[in-house]
Asker: 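One structure follows; several queries about it will come next.
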Protein chains: 2
Amino acid sequence: MRAAIFRGGDIVVDTLPEPVPRQGQVLVKTLACGICGSDLHAAKHSHRMAAITKRIPGRVPMDPARDVVMGHEFCCEVLDYGPDTAKTVKPGARVCAMPIMIEADGPKGMGYSNTYMGGYAERMLLAAPLLLEVPNGLSTDHAALTEPLAVGVHAVEKAALKGDEAPLVIGCGPVGLAVIAALRLKNIRPIVAADFSPKRRELAVKMGADIVIDPAKEPPYARLAADRRAAVFECVGVPGILQQMFEAVPRDARVIVVGVCMEPDTIEPMFGIVKELSLQFVLGYTPEEFARSLRLLADGEVDAASLITAKVGLEGVKGAFQALGNPEHHTKIVVEPWR
Amino acid sequence: MRAAIFRGGDIVVDTLPEPVPRQGQVLVKTLACGICGSDLHAAKHSHRMAAITKRIPGRVPMDPARDVVMGHEFCCEVLDYGPDTAKTVKPGARVCAMPIMIEADGPKGMGYSNTYMGGYAERMLLAAPLLLEVPNGLSTDHAALTEPLAVGVHAVEKAALKGDEAPLVIGCGPVGLAVIAALRLKNIRPIVAADFSPKRRELAVKMGADIVIDPAKEPPYARLAADRRAAVFECVGVPGILQQMFEAVPRDARVIVVGVCMEPDTIEPMFGIVKELSLQFVLGYTPEEFARSLRLLADGEVDAASLITAKVGLEGVKGAFQALGNPEHHTKIVVEPWR
């Protein structure tokens with residue numbers, strides 16, 4: 001089968017052996033797979049990512065010297081099951097699933113691995129117990145947004161907001177937009193959102209932001225209600241942003257770190273101390289949150305159409321990685337490997 | 001009056017003008033004043049402390065080029081009130097108070113200021129509304145422990161532990177010991193505590209630790225109950241300790257940062273992200289927590305006697321600052337300026 005492969009620091013389209021499902025696995029046809037910002041980061045800093053993953057117990061780092069097929073935001077069609085595997089969803093049906101393979105020694109992440117291939121390939125393997133059938137009426141490319149939406153849903157859940165906080169979202173890329181959508185669904189308002197890009201601020205409004213701010217013109221923190229506790233979602237994930245927030249957020253603020261910063265970062269704890277800040281780092285989602293995100297999309301609760309700015313085949317993956325660098329041009333590019 | 005003055009990077013005993021209480025202020029005789037680790041830090045890194053304080057809105061930095069009288073853990077005797085000031089406590093009575101002066105434009109900290117002198121002086125000024133009379137039967141030097149105990153009480157309150165967490169205290173200096181005492185009073189057990197010093201581990205047991213660990217011999221995190229959420233109190237406050245904890249604490253741990261690190265610090269957010277850690281920075285205490293700490297000492301709920309390892313006069317302050325560097329020799333040295 002054909003795949004867009006991260007190989008030797010580049011992305012190339014080549015042929016890989018056909019995946020064969022083992023017990024508990026399902027062979028699927030990849031219908032649509034969104035490109036995540038973490039994929040761009042992993043491609044750019046593959047050695048750094050491997051080095052830090054190696055230091056985290058229980059994680060198997062990808063070896064950038066060997067082939068990797070990325071892609072963990074997918075909607076697929078069921079083709080075939082492995083031996084002795086309950087056929088919970090019938091072949092031909094469309095499914096989403098958490099990008100996790102279940103092994104005897106624990107779950108393994110897909111897409112940043114030399115073993116567990118992601119969705120930038122014509123076919124892939126999923127864990128049979130994780131299949132969620134896509135409800136009728138939900139388009140395939142919108143269903144592929146389940147994973148990034150779940151990231152926002154989880155961040156808002158994990159923040160355990162009581163509803164009387166003043167939410168502020170810093171960074172309106174796909175992660176920030178998902179957080180905004182999740183905040184709106186919980187009706188925690190007014191939602192303030194900040195991004196340097198006019199296009200992203202426009203999308204923030206579509207997702208449910210009440211107030212959007214260009215940080216080049218106005219400090220976003222000044223727009224927070226003074227009588228409510230600030231809940232600031234960090235959705236940028238680059239070194240320096242934490243310290244910037246330490247200095248700028250109001251006293252007693254809660255900072256929810258959703259952005260994935262893979263580099264070392266320097267902070268001045270004194271600002272956190274004097275303001276008695278709290279930080280909650282978040283990652284991923286629970287199976288319940290993932291399933292809920294699919295339902296929210298199916299129920300039309302999120303303006304999915306606005307998020308998808310382009311669709312490409314496997315040959316277009318490399319160009320899409322480059323194009324995603326410009327926030328004015330693209331939000332989510334969906335790969336359709338069957339094209 | 002005489003005072004031990006931080007002057008030109010040194011501590012010297014000299015004469016200062018007699019303080020005169022204004023409206024809302026009380027003139028008191030300093031009976032006892034504990035030396036805090038932050039005083040040592042402020043003396044050693046006075047320029048750095050001034051520089052960072054300058055960047056925190058609403059804070060007035062001390063100018064290390066001018067005289068500073070430190071000391072914010074005091075028990076005093078009421079001498080006289082300023083004009084038009086309600087005499088809530090009668091002259092001759094012993095009092096404790098939060099080390100804060102109330103001004104029209106907001107509260108001002110005492111002890112790290114060129115204006116608001118602390119307790120290493122024969123007499124000082126307190127804010128009249130903050131006076132708390134020391135209950136009969138509580139010794140003066142134990143009453144002076146109210147402030148450091150309140151730091152621990154506040155840290156445990158702010159952590160909002162539910163009682164089913166597994167607490168671990170990293171660092172058993174005065175701050176860590178106060179946290180242990182506060183955890184024990186809330187009966188959140190077993191309390192695990194770690195310190196390289198045998199003397200401090202011994203004190204940790206006296207304060208209520210159930211398990212003490214020498215980190216040179218055993219990783220403290222291994223002794224946490226696996227089925228309960230870890231609540232780890234960082235009571236060291238030096239660069240590097242946060243990253244050490246990021247790498248060592250279990251998944252979903254809560255880190256309560258009680259140590260006061262005044263230098264920039266480098267962390268790798270990825271560890272926080274992958275483990276979904278939460279951090280709560282804490283500082284100071286509320287008036288209620290301060291008053292409660294005084295009552296706890298009066299009720300004999302904390303083994304105060306074990307904490308005080310020496311008493312000195314003003315001439316002994318300089319030597320005490322040096323001696324406190326060795327954790328085997330001293331925990332809390334109390335200054336008695338009237339000696």
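Bear in mind that the values here come from a model prediction, so they are computed numbers and not experimental data. As a basis for the values below, the full set of heavy atoms in this structure was taken, side chains included, without hydrogen atoms, waters or symmetry mates.
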Asker: Please tell me if the side chains of A:Pro220 and A:Leu168 come closer than 4.5 Å, counting only heavy atoms from C-beta onward.
Answerer: yes
Asker: Less than 4.5 Å to any heavy atom of chain B: does that hold for the side chain of A:Ile256, its backbone, both, or neither?
Answerer: neither
Asker: Among A:Val260, A:Ile52, A:Val257, which residue forms the greatest number of heavy-atom pairs with chain B at distances under 4.5 Å?
Answerer: A:Ile52
Asker: Taking every non-hydrogen pair under 4.5 Å, which of B:Leu242, B:Val258, B:Ile267 racks up the most with chain A?
Answerer: B:Ile267
Asker: Only counting residues at least two apart or in another chain, list the ones meeting side chain to side chain contact (heavy atoms under 4.5 Å, CB included) with B:Ala216.
Answerer: B:Phe196, B:Asp214
Asker: Give me a line-by-line list of donor-acceptor atom pairs from chain B to chain A that are under 3.5 Å apart, or tell me none exist.
Answerer:
| unit_1 | atom_1 | unit_2 | atom_2 | d |
| --- | --- | --- | --- | --- |
| B:Arg55 | NH1 | A:Glu268 | OE1 | 3.1 |
| B:Arg55 | NH1 | A:Glu268 | OE2 | 2.9 |
| B:Arg55 | NH2 | A:Glu247 | OE2 | 3.0 |
| B:Arg55 | NH2 | A:Glu268 | OE1 | 2.6 |
| B:His154 | NE2 | A:Glu276 | OE2 | 2.7 |
| B:Lys158 | NZ | A:Asp252 | OD1 | 2.9 |
| B:Glu247 | OE2 | A:Arg55 | NH2 | 3.0 |
| B:Asp252 | OD1 | A:Lys158 | NZ | 2.9 |
| B:Asp265 | N | A:Ile267 | O | 2.7 |
| B:Asp265 | O | A:Ile267 | N | 2.8 |
| B:Thr266 | OG1 | A:Thr266 | OG1 | 3.1 |
| B:Ile267 | N | A:Asp265 | O | 2.8 |
| B:Ile267 | O | A:Asp265 | N | 2.7 |
| B:Glu268 | OE1 | A:Arg55 | NH1 | 3.1 |
| B:Glu268 | OE1 | A:Arg55 | NH2 | 2.6 |
| B:Glu268 | OE2 | A:Arg55 | NH1 | 2.9 |
| B:Glu276 | O | A:Gln280 | NE2 | 3.2 |
| B:Glu276 | OE2 | A:His154 | NE2 | 2.7 |
| B:Glu276 | OE2 | A:Leu283 | N | 2.9 |
| B:Leu277 | O | A:Gln280 | NE2 | 3.4 |
| B:Leu277 | O | A:Phe281 | N | 2.9 |
| B:Leu279 | N | A:Leu279 | O | 2.7 |
| B:Leu279 | O | A:Leu279 | N | 2.7 |
| B:Gln280 | NE2 | A:Glu276 | O | 3.2 |
| B:Gln280 | NE2 | A:Leu277 | O | 3.4 |
| B:Phe281 | N | A:Leu277 | O | 2.9 |
| B:Leu283 | N | A:Glu276 | OE2 | 2.9 |

Asker: What closest approach, in Å, do A:Pro107 and A:Ile100 show between heavy atoms, and which atom pair accounts for it?
Answerer: CB-CG2, 3.5 Å
Asker: Taking only residues two or more places apart in sequence or in another chain, which ones pass side chain to side chain contact (heavy atoms under 4.5 Å, CB included) with A:Ala230?
Answerer: A:Leu224, A:Val232, A:Pro250, A:Ala253
Asker: Any side-chain heavy-atom pair from A:Pro129 and A:Ile102 closer than 4.5 angstrom?
Answerer: yes
Asker: Can you name the nearest heavy-atom pair linking B:Pro148 to B:Ala178, along with the distance?
Answerer: O-CB, 3.3 Å
Asker: Can you run down the ring-ring contact (aromatic ring centres under 6.0 Å, His included) pairs that involve residues 226-278 of chain A, sequence neighbours left out, and say none if there aren't any?
Answerer: A:Phe246-B:Phe281
